[in-house]
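Please read the structure below before turning to the comments.
Every chain is numbered from 1, with letters handed out A, B, ... down the list of sequences. From a predicted model like this one, the values you see are computed outputs, not experimental measurements. Note that these values count all heavy atoms, side chains included, but never hydrogens, waters or copies made by symmetry.
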2 protein chains.
Amino acid sequence: MTRIVIAEDQGLLRGALASLLRMEDGIEIAGEASDGREAWNMIRRDPPDVLVTDIEMPGMTGLELAAAIKRDGLKVRVLIVTTWARPGYLRRALEAGVSGYLLKDTPAEALAAAIRAVAAGERVIAPDLAAMAWEEADPLSDTERRLLRLAEAGLDSPAIADATGLARGTVRNYLHEAISKLGASNRIEAARLARAKGWL
Amino acid sequence: MTRIVIAEDQGLLRGALASLLRMEDGIEIAGEASDGREAWNMIRRDPPDVLVTDIEMPGMTGLELAAAIKRDGLKVRVLIVTTWARPGYLRRALEAGVSGYLLKDTPAEALAAAIRAVAAGERVIAPDLAAMAWEEADPLSDTERRLLRLAEAGLDSPAIADATGLARGTVRNYLHEAISKLGASNRIEAARLARAKGWL
DNA sequence: CGAAGCGGGTGACAGCTGTCATGCACGGGC
DNA sequence: GCCCGTGCATGACAGCTGTCACCCGCTTCG
């Protein structure tokens with residue numbers, strides 16, 4: 001019997017997945033969590049065989065969960081199920097030692113099979129994404145990433161300078177760096193590109 | 001027996017919802033569609049009692065589906081199920097004559113109940129949203145909306161002028177209007193605010 | 001008819017943005 | 001000890017942005 005915990009903040013999907021998986025032989029739902037922290041408490045108290053988790057959740061993200069599990073040496077395999085086909089997410093997931101990464105637009109039948117494969121020690125990566133993992137690494141420095149996030153939110157250079165304690169000119173230098181690294185022609189486009197790759 | 005069609009582009013959710021609803025008495029799944037156009041063909045060929053649909057889908061959005069159903073006078077009640085708690089979306093949905101609007105983070109058990117209520121001619125609105133429907137209407141003109149979308153994509157004023165055939169100064173005038181209508185301090189913030197409200 | 005409103009436009013100005021050259025301190029490597 | 005990379009900064013300049021005042025042609029309506 002493979003014991004699983006489902007962590008997913010969308011109630012409808014969480015409930016529907018639970019009812020889908022309850023019909024599968026050999027899979028037992030040990031718990032359902034609606035945010036990352038709840039999932040972490042559940043896992044620490046009674047580690048399941050497999051954690052099926054979303055990435056973007058309140059409290060703790062799925063990637064943070066995977067990292068915490070690895071850090072504490074828990075014997076829980078992690079299967080990420082997310083909307084986002086972003087190379088940056090996949091890369092971080094693999095670095096955090098996850099066993100599987102599926103997209104939410106794969107057919108529902110594939111989920112139980114993926115859970116069984118992961119439980120058996122195999123690695124399951126969404127086919128469209130397997131190739132992307134080795135594509136371009138994140139070229140942004142931490143400072144560039146931080147400033148780009150603020151620019152994305154609509155702050156102008158002086159406001160960003162105030163918010164970060166940097167000089168105005170320095171802010172523009174960092175954004176310039178980010179823009180040219182990303183091949184964009186202004187900060188808006190740069191932020192869009194970086195977000196699409198999962199680097200923000 | 002209530003016959004329903006499910007239109008939802010995320011395969012996992014679509015499949016899981018189908019399996020959830022298949023266990024309900026009195027509900028029969030007449031079809032599943034993975035994009036708006038497929039759903040429309042399905043509905044026209046053989047109208048179900050209720051259409052359960054996402055909003056953002058390739059081909060045709062759920063709002064367009066609802067409008068098309070209303071235009072052709074089909075006797076299909078529409079239940080929107082979406083991630084987005086945006087007043088603009090809810091308003092447009094109500095104008096298109098939908099019978100229900102649920103968020104994807106409502107508990108799964110509520111879905112079957114909502115479908116039955118809608119089939120019985122009742123109207124079901126997610127409680128958090130009911131109040132928002134009468135909040136601020138979209139203040140943007142069509143031109144403002146169009147230019148804001150281009151600005152959001154990272155085009156600067158000259159590029160937007162080229163793309164729309166307007167003069168550069170005019171582009172700035174429209175964006176200025178949009179910025180001040182929305183109480184933003186630049187085009188980036190304006191685009192973010194408008195998108196958050198569902199006006200873009 | 002005339003006034004008002006609307007879509008589209010111009011010109012001007014202060015301030016922001018993108019680009020580049022250049023400077024300086026500091027912490028490694030050799 | 002010297003050299004280089006890195007992080008942060010400055011100054012300058014062309015071009016873009018936000019704001020405002022004002023113009024024109026075309027409905028629309030009293």
Side-chain angles (χ1 to χ4, degrees), chain A residues 87-88 91-92 95 135-200, chain B residues 88 91-92 95 136-200:
Chain A
R91 170 178 295 269
R92 274 191 270 163
E95 281 165 5
E135 269 176 28
E136 356 156 37
D138 181 352
L140 299 174
S141 74
D142 284 347
T143 311
E144 285 156 9
R145 208 188 332 279
R146 198 155 51 97
L147 300 196
L148 216 42
R149 277 203 204 97
L150 293 171
E152 188 189 29
L155 302 192
D156 58 18
S157 294
I160 294 174
D162 285 355
T164 55
L166 294 174
R168 297 175 181 212
T170 308
V171 169
R172 287 191 288 137
N173 284 150
Y174 276 111
L175 288 176
H176 173 50
E177 255 311 294
I179 290 166
S180 70
K181 276 180 180 175
L182 294 169
S185 62
N186 58 48
R187 52 185 74 189
I188 311 175
E189 198 185 340
R192 282 177 55 87
L193 290 172
R195 186 158 291 284
K197 295 281 192 178
W199 296 332
L200 275 193
Chain B
R91 170 177 295 270
R92 274 191 271 162
E95 281 164 6
E136 353 155 39
D138 181 352
L140 299 175
S141 73
D142 284 348
T143 311
E144 285 157 9
R145 209 189 330 280
R146 198 155 50 98
L147 299 196
L148 216 43
R149 277 205 204 97
L150 294 171
E152 188 189 26
L155 302 192
D156 58 18
S157 294
I160 294 174
D162 286 355
T164 55
L166 294 173
R168 298 177 181 209
T170 307
V171 169
R172 286 192 288 138
N173 284 342
Y174 276 111
L175 288 176
H176 174 50
E177 255 313 292
I179 289 165
S180 70
K181 278 181 180 176
L182 294 169
S185 63
N186 58 48
R187 52 186 75 189
I188 311 175
E189 199 185 341
R192 281 177 56 87
L193 290 173
R195 185 158 293 286
K197 295 281 192 178
W199 295 333
L200 275 193

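Residue pairs meeting the salt bridge (charged side-chain N to carboxylate O under 4.0 Å, His left out) criterion with at least one member in residues 154-170 of chain A, sequence neighbours excluded, do not occur.
Nearest nucleotide to the side chain of B:Thr170, out of D:dC8, C:dG8, C:dC20: C:dG8. Comparing D:dT10, D:dC16, D:dT19 by their nearest atom to the side chain of B:Arg168 picks out D:dC16. Residue B:Arg172 has its side chain nearest to D:dG18 when only C:dG8, D:dG18, D:dC16 are considered.
The closest donor-acceptor contact from the side chain of B:Arg92 to the backbone of B:Gly198 lies under 3.5 Å.
Rounded to whole Å, atom C1' of C:dG9 lies 15 Å from atom NE2 of B:His176. A straight line from CD of A:Glu177 to C1' of D:dG5 spans 13 Å, rounded to a whole angstrom. Atom pair B:Leu166:CG and C:dG7:C1' shows a separation of 10 Å (rounding to whole Å applied). When rounded to the nearest whole Å, the span between CG of A:Leu175 and P of C:dC16 equals 15 Å. Between the P atom of D:dA9 and the OH atom of A:Tyr174 lies a distance of 8 Å, rounded to the nearest Å. The nearest whole Å value for the distance from the CG atom in A:Asn173 to the P atom in C:dA21 is 12 Å. Atom CD of B:Glu189 is separated from atom P of C:dC16 by 15 Å (rounded to the nearest Å). When rounded to the nearest whole Å, the span between CD1 of A:Ile188 and P of C:dG18 equals 8 Å.
In this structure, B:Lys181 and B:Ser141 approach most closely via the heavy-atom pair NZ-N, 4.0 Å. A pairwise comparison of heavy atoms in A:Leu148 and A:Ala178 identifies CD2-CB, 4.2 Å as the closest pair. In plain terms, the two heavy atoms of B:Ala151 and B:Arg187 that are nearest each other are CB-CD, 4.2 Å.
With values rounded to the nearest 0.5 angstrom, A:Trp199 atom CH2 is found 7.0 Å from A:Leu140 atom CG. Atoms CG and CD, on B:Leu182 and B:Glu177 in that order, are 10.0 Å from each other to the nearest 0.5 Å.
Closest-nucleotide positions on DNA chain C for B:Ser141 and B:Gly169 were compared, and the one nearer the 5' end corresponds to B:Ser141.
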For a side chain to side chain contact (heavy atoms under 4.5 Å, CB included) check, start with the C-alpha distance between A:Val171 and A:Leu150, then their side-chain angles and the critical distance, and finish with the verdict. CA-CA 11 Å; A:Val171 169; A:Leu150 293 171; over 6 Å; no
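With a 4.5 Å cut-off on side-chain heavy atoms, A:Arg145 and A:Leu200 count as touching.
Applying a 4.0 Å cut-off to non-hydrogen atoms, the residues of residues 155-165 of chain A that approach DNA chain C are A:Asp156, A:Ser157, A:Pro158, listed by residue number.
With axes fitted over five pairs at each extremity, the angle between the ends of the helix from C:dC1-D:dG30 to C:dC30-D:dG1 is 20° (10° resolution).
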